[in-house]
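In what follows, a structure is listed as structure tokens, so that the remarks can point back to it.
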Amino acid sequence: MDANPAPSPERSDFLRVIVADDLRSGLHESVVTRFPPEPNGYLHIGHAKSICLNFGIAEECEGRCHLRFDDTNPIKEEQEYIDSIEADVRWLGFDWGEHLYFASDYFDQLYEWAVHLINTGKAYVDDLSADEIREHRGTLTEPGQVSPWRDRSAEESLDLLARMRAGEFPNGSRVLRARIDMASPNINLRDPVLYRIVHAEHPRTGDAWCIYPTYDFAHGQSDAIEGITHSICTLEFQDHRPLYDWFIENLPVPARPRQYEFARLNLTHTVLSKRVLLTLVNEGHVRGWDDPRMPTLSGLRRRGFPAEGIRDFAAMIGVARADSVVEVEMLHHAVRDVLNRTALRRFAVLNPLKVVIDNYPEDQVEDIEVVNNPEDLSAGTRMVPFTRELWIERDDFMEDPPKKFFRLAPGREVRLRSAYFVTCNEVIKDADGTVVELRCTYDPATRGGAAPDGRRPKSTLHWLSTSHAVPAEVRLYDHLFAAPYPGSGEGDLFDDLNADSETVLPNCFVESSLDEPAVGQTIQFERLGYFCADLESVPGAPVFNRTLTLRDAWAKLQSQGRHNTA
Ligand code: ATP
Ligand code: MG
């Protein structure tokens with residue numbers, strides 16, 4: 001074990017500097033962080049930034065990171081979300097060990113502390129309605145007005161709180177509020193609500209409670225109970241910090257966590273808000289939370305993004321206090337980097353055109369040896385059957401090619417990858433004039449893809465034997481939102497959805513080795529892009545999602561000096 005654990009120096013950011021200082025000065029002997037999701041939706045790539053940060057710092061310092069569900073709002077929270085969040089954090093590569101917690105574990109303690117605040121004159125039960133409380137709150141420029149119930153006795157508040165808890169009152173009829181300062185310039189300190197009446201079944205506590213603490217009342221105290229040393233959260237909680245500190249100062253908590261804020265992740269062409277993502281699901285704009293176009297971790301996984309690529313992306317963007325928008329192409333760049341190294345190459349034809357090789361024996365089948373990954377020769381080779389009738393990509397042929405088109409055309413010779421050179425001699429069309437078949441000849445001396453006389457065709461195509469290829473459905477994906485900054489224009493956010501974000505190609509073919517592909521494994525279809533077998537695949541009828549095209553748009557943006565927009 002390292003005698004002096006500290007965050008990795010190559011990853012230094014302002015938070016890692018603070019943590020290292022606190023360890024060096026002896027303020028803390030070890031570091032405890034937490035990732036605190038509310039189980040009201042699936043995790044998205046923004047959460048991944050927070051997970052990589054909290055678990056990452058703990059790992060680097062040999063500390064620990066808790067997974068804590070902030071489950072204080074039973075109306076929006078569900079067991080399905082709890083399960084998906086646990087699965088997603090694990091998939092991303094992190095482990096909380098035995099440190100799985102729920103704010104609801106602390107409901108008894110929080111209630112005791114609410115009673116403590118009443119007893120010390122720092123909280124009261126208010127009979128105003130939610131609307132009235134809002135009207136009394138004031139604005140940024142005007143102080144709030146005190147509630148007529150603010151001066152009610154501690155005794156009366158204690159009695160009312162107990163009866164709220166016992167279920168005597170309907171939803172919204174009363175709340176417990178802190179007695180702080182209705183004139184505070186910080187609206188969060190204008191007697192915030194601590195408990196509200198919600199007659200709803202909780203995924204964990206069932207019907208044990210009908211009053212629930214607010215997020216603000218639960219969050220900091222949960223950190224204190226767990227001995228969190230560094231409570232890391234996003235910038236929108238900066239204005240809540242004085243309130244969290246007020247609770248910590250006015251309650252007999254066992255520890256004093258300190259909160260630090262960092263800028264949340266924003267991505268172009270992407271919306272990172274669980275509320276919006278839930279609407280996309282509920283209104284049927286996508287196939288579900290795990291739709292391959294969704295920025296959720298389950299969507300990215302289904303799309304074929306490896307966890308390593310997402311972790312690399314989190315490291316690339318770093319952590320800062322200034323808000324910014326990251327180009328989504330940067331995420332794609334990180335993912336391509338991993339896939340280029342690791343993905344096996346396979347042949348697939350998305351838009352098939354038949355080629356018949358007239359001088360090739362009718363019933364002959366040759367096994368052609370093809371390299372699995374030119375970036376990693378240890379991945380070996382495989383055999384792909386070659387026959388007289390083949391599929392090639394329709395885009396790889398033009399009857400009347402322009403100057404820069406070097407692929408197949410009448411009278412022209414091309415290389416079929418690892419197999420033979422073929423020359424197109426005749427174009428067969430249907431009654432509408434659509435090309436339906438090419439008649440070609442091959443040169444038997446070019447087996448393996450090289451000619452003894454050294455001639456080199458200008459282009460190499462992928463191909464499949466028509467009698468061996470497996471029919472497949474392929475789904476092409478593009479940005480879910482066409483606009484780079486969704487919702488920033490005139491219209492509604494949903495007007496910015498990309499009508500062509502999904503294109504389904506039902507009549508594709510893939511190598512027979514992909515008959516029953518491993519769901520979740522991302523492969524490269526040669527010359528076409530990265531693809532991942534979808535969970536809707538069935539034996540003999542695989543479905544593939546396009547993870548990404550091969551072209552690296554981020555590298556291009558970078559070469560133009562445009563990789564990060566403020
Ligand atoms: P959303 O805004 O999508 O509803 P949230 O902040 O309400 O997200 P929580 O479940 O409360 O979701 O988030 C858990 C943790 O993840 C919090 O600490 C939050 O600050 C962090 N987080 C949420 N969104 C982002 C983001 N875009 N970038 C970085 N961290 C984020
Ligand atoms: Mg939140």
Side-chain angles (χ1 to χ4, degrees), residues 13-15 32-58 65-73 75-78 80-86 88-89 92 94 96 101-104 203 214-216 218-220 222-223 226 228 230-241 244 257-282 289 294-300 310-311 313-326 328 330-331 485-487 493:
D13 52 60
F14 79 99
L15 285 168
V32 188
T33 58
R34 84 288 180 268
F35 173 64
E38 185 185 351
N40 61 350
Y42 281 60
L43 296 180
H44 54 60
I45 181 84
H47 294 115
K49 176 179 182 180
S50 176
I51 294 167
C52 290
L53 180 63
N54 280 295
F55 280 92
I57 287 181
C65 182
H66 298 181
L67 175 61
R68 183 180 68 244
F69 288 97
D70 271 326
D71 55 346
T72 55
N73 184 0
I75 292 173
K76 294 195 170 160
E77 296 163 359
E78 287 174 29
E80 176 193 346
Y81 299 140
I82 295 176
D83 296 340
S84 76
I85 290 169
E86 288 187 27
D88 285 348
V89 175
L92 201 52
F94 298 102
W96 52 89
Y101 303 105
F102 293 83
S104 55
T214 54
Y215 178 83
D216 277 348
H219 188 71
S222 301
D223 283 347
E226 293 176 20
I228 304 298
H230 299 80
S231 304
I232 299 169
C233 64
T234 36
L235 280 173
E236 69 268 26
F237 294 104
Q238 188 169 321
D239 292 343
H240 296 239
R241 176 155 32 94
Y244 298 158
R258 285 206 53 185
Q259 173 174 305
Y260 301 92
E261 303 91 12
F262 70 98
R264 58 192 294 123
L265 172 67
N266 300 297
L267 272 183
T268 56
H269 297 285
T270 307
V271 177
L272 297 180
S273 149
K274 281 186 279 193
R275 186 181 49 79
V276 172
L277 299 180
L278 179 63
T279 308
L280 290 171
V281 172
N282 286 344
W289 280 101
M294 289 281 269
T296 51
L297 296 183
S298 53
L300 298 175
I310 295 173
R311 291 195 304 268
F313 169 68
M316 274 166 88
I317 57 175
V319 183
R321 281 189 52 85
D323 271 316
S324 69
V325 184
V326 175
V328 72
M330 190 169 165
L331 169 62
Y485 306 101
L493 171 70

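Keep in mind that the numbers below use all heavy atoms, side chains included, and drop hydrogens, waters and symmetry copies. First listed ligand is number 1; within each ligand, the first listed atom is number 1.
- Of the listed options G41, S231, A314, G46, G46 places a heavy atom closest to atom 26 (C) of ligand 1.
- With sequence neighbours left out, the ring pair (Phe, Tyr, Trp, His ring centres under 6.0 Å) criterion links F55 to F94.
- The shortest N/O to N/O separation between L265 and ligand 1 falls below 3.5 Å.
- Heavy-atom proximity to P36, at under 4.0 Å, picks out these atoms of ligand 1: 14 (C), 18 (O).
- Using a distance-only test at 3.5 Å, with no hydrogens or angles considered, a donor-acceptor pair links the side chain of R311 to the main chain of L92.
- Ligand 1 places these atoms under 4.0 Å from at least one heavy atom of E38: 9 (P), 10 (O).
- Proximity annotation for atom 21 (C) of ligand 1: of P37, S50, A48, S273, S50 comes nearest, heavy atoms only.
- Applying the 4.0 Å criterion to heavy atoms of T234 picks out, from ligand 1, the atoms 19 (C), 20 (O), 29 (C), 30 (N), 31 (C).
- Using a 4.5 Å heavy-atom cutoff, the side chains of D71 and Y81 are not in contact.
- With hydrogens and angles left out, the side-chain atoms of E261 and Q259 include a donor and acceptor closer than 3.5 Å.
- Remark: among candidates K274, R264, R275, the nearest residue to atom 2 (O) of ligand 1 is R264, based on non-hydrogen atoms.
- Which parts of ligand 1 touch H47 is read off a 4.0 Å heavy-atom cut-off, strictly below it: atoms 8 (O), 9 (P), 10 (O), 12 (O), 13 (O), 14 (C), 16 (O), 22 (N), 23 (C).
- Of the charged side-chain nitrogens involved, at least one lies within less than 4.0 Å of a carboxylate oxygen, so that R264 and E236 count as a salt-bridged pair.
- A salt bridge does not link D239 with R241: none of the charged nitrogens is closer than 4.0 Å to a carboxylate oxygen.
- Shown here are the ring pair (Phe, Tyr, Trp, His ring centres under 6.0 Å) partners of H230, two or more places apart in sequence or in another chain: H28, Y260.
- Every atom of ligand 1 with a heavy atom of F35 under 4.0 Å away is listed here by number and element: 14 (C), 15 (C), 16 (O).
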